[in-house]
Amino acid sequence: MNNSKNNHEASTVPPLGGGGGVIFDVYPLNNITITKAQGSYVWDDNGAQYLDMYGGHAVISIGHTHPHWVKRIEEQLRKIAFYSNSVHIPVQKELADKLGKISGKEDYQLFLVNSGAEANENALKLASFHNGKKKIVAFEKAFHGRTSLAVAATDNPKIVAPVNETDNVDFLPFNDEAALKTYFQTKGKDVAAVIIEGIQGVGGINVATESFLQLIRRLCDQHGAVYIADSVQCGYGRSGKFFSHDYAGVNADIYTMAKGMGNGFPIGGILIAPHIKAKHGMLGTTFGGNHLACAAALAVLEVIEEEKLIDVAKQRGQYLFNRLKAIDGIENVRGRGMMIGFDVPEDIKDLRKKLLNDHFIFTGEAKPNVIRLLPAMNITRKQVDEFLDTMKEAIAEMKKPPTPEGEKEKVAIENA
Ligand SMILES: Cc1ncc(COP(=O)(O)O)c(C=O)c1O
């Protein structure tokens, strides 16, 4: 390991190699170049090792470069990587079978895409095709993606372009049963779909209550609306159940998936209840369901099964949760399994930066003051302990009154 304090402050895209290639600068970058990854560790180009408590945006489900995943992709690559959806693709069928078995939704139909936004876009469109209605109910703080309807159902006006604005989406307060009932009393007949994350991710790790999800199920049944369970972030075992919506004991009509599905290989999908019927041409994609992506997704499911990762996520997540609760200085620990968030009070508001710069630990954030933990489901107990001990240390350092030497060191680092 070659770790020393660093300043990873956000920067603009650095010039690479003096060539003319310019990246469209939409991401505030940490000043880090990751060149290697394994399990829950990644390494930068200076050889420094980082603990990944963020899974690169909740994407790493079975650990970086898992050997089985690498092997499966390599083997597939040598046979065939891609052919279009105009021929039989047996590996798609294999994926549908395995997904049905592990998720417990064996009679559901699978449509494959490439990302979370695309999964939600297709789910919303399919709902409207199915019942011929137009209104979408979404919830405050929801994030469903950046394509046209998915972004319109996302509660963040800053990322909605004028062309994406629509009267077809109504936002209601999250977990507010009375508001949902009142809405359905007046507008229920027009509702095509209710879309909800079982645990809001970007919104700050807010868990949908079981009774709220049960109410959605009942109201959708009564009014012929489609219940869409956005499981892009909270799905695929991360919550300690295959879909976090399963905690409520209800079946959604459509589950959307991406992120952990390919462990970094781009793939998304929607699982569709049997009563929603397919028609040729109603949905389609060039890349969705390609051989290579299916092999990656199958490898993920095989590892989940082999290593019993849903149980591991539940138990180890509970351990992480309980120990976080006992840490002085952070507030409102919440979440399920390996999807946990907590509030960072004002006096230690730079905790996330400190964890990265001084302690080489990646965590996620949600505005304004939430740290999100979304590690690989097979993060080891030792790594969880390493994170907890380091975080306690970091908080203690931040709460310590500044000494003249410490101040000098801080200025030196800032000026370096
Ligand atoms: C719950 C949820 N839905 C949809 C998306 C969009 O996924 P993607 O970025 O793959 O389009 C995200 C991404 O963060 C998400 O968290």
Side-chain angles (χ1 to χ4, degrees), residues 24 26-28 54-61 111-127 136-156 158-161 164 169 171 174-175 193-208 213 216 227-239 242-245 252 254-271 285 287-289 293 296-297 300 335-341 362-367 370-375:
F24 198 51
V26 291
Y27 301 111
Y54 186 42
H57 251 322
V59 164
I60 300 303
S61 46
F111 177 70
L112 289 162
V113 292
N114 310 284
S115 69
E118 224 187 310
N120 285 327
E121 195 75 28
N122 279 285
L124 292 163
K125 191 173 178 180
L126 181 56
I136 305 295
V137 175
F139 296 96
E140 287 168 8
K141 293 199 173 177
F143 186 92
H144 298 299
R146 290 168 183 267
T147 55
S148 60
L149 198 46
V151 84
T154 288
D155 185 19
N156 180 357
K158 279 199 223 130
I159 63 169
V160 178
N164 304 132
V169 180
F171 289 96
F174 191 65
N175 279 339
V194 177
I195 183 165
I196 182 164
E197 296 157 81
I199 305 172
Q200 289 186 329
V202 175
I205 312 291
N206 307 310
V207 181
L213 298 179
I216 290 175
Y227 171 175
I228 301 174
D230 181 341
S231 304
V232 167
Q233 190 165 149
C234 59
Y236 246 73
R238 175 168 291 288
S239 72
F242 194 85
F243 292 119
S244 66
H245 295 251
I254 302 180
Y255 294 88
T256 62
M257 306 160 288
K259 294 200 186 277
M261 188 173 186
N263 195 47
F265 198 101
I267 181 168
I270 64 180
L271 270 179
T285 155
F287 291 123
V300 170
R336 273 181 167 142
M338 284 301 174
M339 185 162 182
I340 297 181
F362 276 103
T363 56
E365 71 176 336
K367 303 269 188 255
V370 179
I371 284 188
R372 276 193 291 163
L373 303 177
L374 297 148

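Read the numbers this way: they start at 1 and go in the same order the structure lists the ligands and their atoms. One-based numbering along the sequence shown.
Taking a heavy-atom cut-off of under 4.0 Å, ligand 1 is surrounded by Ser115, Gly116, Ala117, Asn120, Phe143, His144, Gly145, Glu197, Asp230, Val232, Gln233, Lys259.
Between His245 and Tyr255, the ring planes lie perpendicular to each other; the angle is over 60°, past the 30° to 60° tilted range.
Between the CG atom of Leu271 and the OG atom of Ser231 there is a distance of 9.0 Å, given to the nearest 0.5 Å. Atoms CG and CG, on Asn206 and Asn175 in that order, are 8.0 Å from each other to the nearest 0.5 Å.
Defined by atom type and a distance below 3.5 Å, a donor-acceptor pair is missing between the side-chain atoms of Glu118 and Thr147. Side-chain atoms of Thr256 and Asn120 form a donor-acceptor pair, as typed in the model, at a separation below 3.5 Å.
You'll find the ring centres of Phe139 and Phe171 outside the 6.0 Å limit.
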